[in-house]
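Take a look at the structure set out below.
If you read the sequence from its start, that first residue is 1, and numbering goes on from there. For the numbers below, each heavy atom of this structure counts, side chains included, while hydrogens, waters and symmetry mates do not.
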Amino acid sequence: MKRIVRTLGLSLLSLGPLTGCYDRVDLEDASLSLVAGVDITEDHRTMSYTSIPVFSKAEKKSQELKVVANTQRQGRGKLDAFTVGSFNGRKIKVIVLSKRFVQETPDWFRYMDIYFRDGRNPITPRVVVFDGTLDQLFYYHSPNQPILPLMLMGMIRSASDRSESVATTLQELHRQMNEEGQTSFLTEMSIKQDAMIDGTSLLDHKGRYVDMLSMPETVLLRILQKNAGQSVGFVLRLPSSLTGSAGETDWVSLATERVKVKIKSMYAGGRFRFSVHVHFSASVVEKLSSLDLDDHQREAETACAEELRDKFEALIAKLQRKKVDPVGFGIYARAYQYKPFKQVKENWGEAFSQSDVQVRVSVAFADEGSVK
């Protein structure tokens with residue numbers, strides 16, 4: 001009897017590892033989509049795009065397809081008819097949305113529902129807004145660039161590492177779309193002379209495209225969000241009143257070593273008030289001016305701080321004009337001024353546009369370089 005029980009137990013244990021393989025798909029039988037795209041036709045029908053790498057010795061290393069479909073799920077079914085193996089979207093790394101799709105499709109975020117409802121789909125792909133038709137991007141082949149999936153992933157990663165763009169995942173976008181105290185932001189790119197990252201798309205609370213931030217503006221945004229990279233660079237112009245010249249060579253380049261951001265919220269006089277203090281500890285990595293920093297370091301630090309403060313104020317003024325809050329000032333308002341925030345949480349963008357934001361910047365040179 002013991003032998004029978006032992007044999008039966010060993011048999012059951014041997015079957016255990018096989019339970020996770022019941023729906024396996026061999027690589028040679030699958031068509032792995034690494035990039036998905038959504039655009040609209042002239043009569044506002046949605047089009048699904050995909051880019052699939054080709055693992056063969058053929059000259060063409062990827063296969064690009066597009067179909068007209070009412071939903072993303074229907075689009076996958078149609079794309080399956082064009083692929084050699086079974087179409088598989090579980091490895092998607094980048095989702096590209098055309099700018100026109102985001103601008104003209106009401107409640108476009110519902111088209112992403114399949115990624116959240118079906119647990120087999122990834123929620124970690126980066127989401128990108130493309131300024132142009134997706135035909136331009138998916139059928140773009142440059143001899144200087146790798147295949148589309150590798151090109152997009154590399155460009156997004158490098159721009160995000162330099163804090164010149166964002167790398168919003170689908171999961172993060174879902175959080176932003178449901179966050180009352182912050183509006184959404186996505187990477188924006190286009191093809192001009194070559195494929196390039198343009199900056200950051202700004203969306204309102206309903207996901208409508210509002211405007212974009214350039215790459216230098218995105219660096220400031222990432223600093224205010226407290227998620228800038230370890231080191232970011234600024235090229236600033238010293239005032240002629242300090243350098244004593246009116247030439248075009250009064251430039252100084254800084255590389256930050258440490259950045260501290262403090263944001264305090266208040267509510268008084270029927271409006272929200274925010275106090276922002278940004279402290280930079282930075283190294284001087286380039287100086288075209290003849291100004292002697294040993295003798296005028298404090299004055300140069302003050303001049304750099306004032307120019308950076310002007311840049312931050314211009315960025316915040318732009319966000320207030322557009323009634324969007326990608327920084328997340330509303331999160332501070334909700335945390336510390338909940339009663340007044342509760343009254344405006346349904347329309348925080350409007351309340352933020354009327355708020356008072358005071359910015360203070362301080363700069364300290366940590367290093368002037370090994371050779372002066």
Side-chain angles (χ1 to χ4, degrees), residues 107 109 163 166 168-169 171-186 199-214 216-228 232 234 256 258-281 302 304-364:
D107 210 6
F109 189 63
S163 301
V166 296
T168 307
T169 64
Q171 184 180 24
E172 172 63 14
L173 178 61
H174 185 276
R175 184 197 68 79
Q176 294 171 7
M177 293 290 289
N178 291 282
E179 172 60 67
E180 296 165 340
Q182 189 179 32
T183 52
S184 303
F185 47 89
L186 300 171
T200 302
S201 300
L202 299 177
L203 311 180
D204 65 11
H205 278 296
K206 295 184 178 179
R208 292 174 298 204
Y209 184 93
V210 174
D211 204 344
M212 69 162 294
L213 298 179
S214 65
E217 290 174 325
T218 302
V219 173
L220 302 176
L221 172 67
R222 295 279 301 271
I223 290 174
L224 292 178
Q225 291 175 334
K226 301 182 182 180
N227 68 357
V232 295
F234 293 100
T256 62
R258 187 170 59 255
V259 181
K260 291 184 178 179
V261 181
K262 293 183 179 179
I263 299 178
K264 295 182 179 179
S265 67
M266 295 159 282
Y267 184 80
R271 61 192 300 202
F272 289 91
R273 300 177 188 275
F274 298 95
S275 172
V276 181
H277 181 208
V278 186
H279 174 74
F280 290 98
S281 176
T302 302
C304 291
E306 290 176 352
E307 185 168 346
L308 286 170
R309 183 199 60 199
D310 293 343
K311 292 178 182 294
F312 279 113
E313 289 180 343
L315 171 67
I316 292 172
K318 181 177 181 178
L319 300 178
Q320 289 184 306
R321 284 197 305 274
K322 300 299 179 181
K323 300 181 180 179
V324 293
D325 180 17
V327 176
F329 284 104
I331 297 176
Y332 292 91
R334 181 177 59 199
Y336 298 103
Q337 317 295 332
Y338 182 67
K339 284 186 177 179
F341 176 81
K342 187 178 179 181
Q343 298 174 0
V344 299
K345 66 177 184 179
E346 299 296 335
N347 195 11
W348 169 245
E350 180 69 30
F352 174 66
S353 70
Q354 299 172 5
S355 64
D356 179 31
V357 184
Q358 299 294 325
V359 181
R360 185 162 61 95
V361 177
S362 58
V363 174

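Taking Lys345 as the reference, Glu180, Phe341 meet the side chain to side chain contact (heavy atoms under 4.5 Å, CB included) condition, with sequence neighbours excluded. With sequence neighbours left out, Leu224 forms a side chain to side chain contact (heavy atoms under 4.5 Å, CB included) with Val276, Val278, Phe312, Leu315, Ile316, Val327. Under the ring pair (Phe, Tyr, Trp, His ring centres under 6.0 Å) criterion, Phe329 pairs with Phe274, Phe352, sequence neighbours left out.
Nearest heavy-atom pair across Ile331 and Gln182 is CD1-OE1, 4.1 Å. Residues Ala268 and Arg273 come closest through the heavy atom pair O-NE, 3.4 Å. Minimum heavy-atom separation, Pro326 to Leu221: CG-CD1, 3.8 Å. Shown here for Met266 and Ser275, the closest heavy-atom pair between the two residues is CE-CB, 4.3 Å.
Environment of CD in Glu172: crowded, with over 12 heavy atoms of neighbouring residues, nucleotides or ligands closer than 6.0 Å. For Arg175, the CZ atom is densely surrounded, since the number of other residues' heavy atoms within 6.0 Å is greater than 12. Counting non-hydrogen atoms of other residues, nucleotides and ligands closer than 6.0 Å to NZ of Lys206 gives a total of 12 or fewer. Open room surrounds CZ on Arg258; 12 or fewer heavy atoms of other groups in view lie less than 6.0 Å from it.
Side chains of Ser362 and His277 form a contact here, defined as non-hydrogen atoms less than 4.5 Å apart. Residues Val357 and Gln320 have side chains in contact (heavy-atom distance under 4.5 Å, counting atoms from C-beta outward). A 4.5 Å side-chain heavy-atom check between Val344 and Glu350 finds every atom pair outside the cut-off. Here the side chains of Phe185 and Thr218 are not in contact, with every heavy-atom distance at 4.5 Å or above. Residues Lys318 and Asp211 meet the side-chain proximity criterion, which asks for heavy atoms closer than 4.5 Å.
With respect to the salt-bridge test (charged N to carboxylate O, under 4.0 angstrom), the residues Glu306 and Arg309 do not qualify.
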Check the pair Arg334 / Glu179 against side-chain contact (heavy atoms from CB on, under 4.5 Å), numbers first and verdict last.
CA-CA 11 Å; Arg334 181 177 59 199; Glu179 172 60 67; 2.8 Å; yes
Could you go through the side-chain contact (heavy atoms from CB on, under 4.5 Å) check for Leu202 and Thr183 one step at a time?
CA-CA 8 Å; Leu202 299 177; Thr183 52; over 6 Å; no
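Interatomic distance, Cys304 SG to Phe234 CZ, rounded to the nearest 0.5 Å: 10.5 Å. Of the inter-residue distances, the one linking Thr200 atom OG1 with Met212 atom CE reads 7.0 Å to the nearest 0.5 angstrom. Rounding to the nearest 0.5 Å places NZ of Lys260 at 7.0 Å from NE2 of His279. Residue Ile223 holds its CD1 atom at 8.0 Å from CG of Leu308, rounded to the nearest 0.5 Å. Annotation: the span from Thr169 atom OG1 to Gln176 atom CD amounts to 8.0 Å, rounded to 0.5 Å.
Although no hydrogens or angles enter the test, the distance criterion places a donor-acceptor pair under 3.5 Å between the side chain of Asp325 and the main chain of Gly330. Between the side chain of Ser353 and the main chain of Lys323, no donor-acceptor pair closer than 3.5 Å is present.
Exactly one of Trp348, Tyr336, Tyr338 qualifies for a ring pair (Phe, Tyr, Trp, His ring centres under 6.0 Å) with Phe272. That residue is Trp348.
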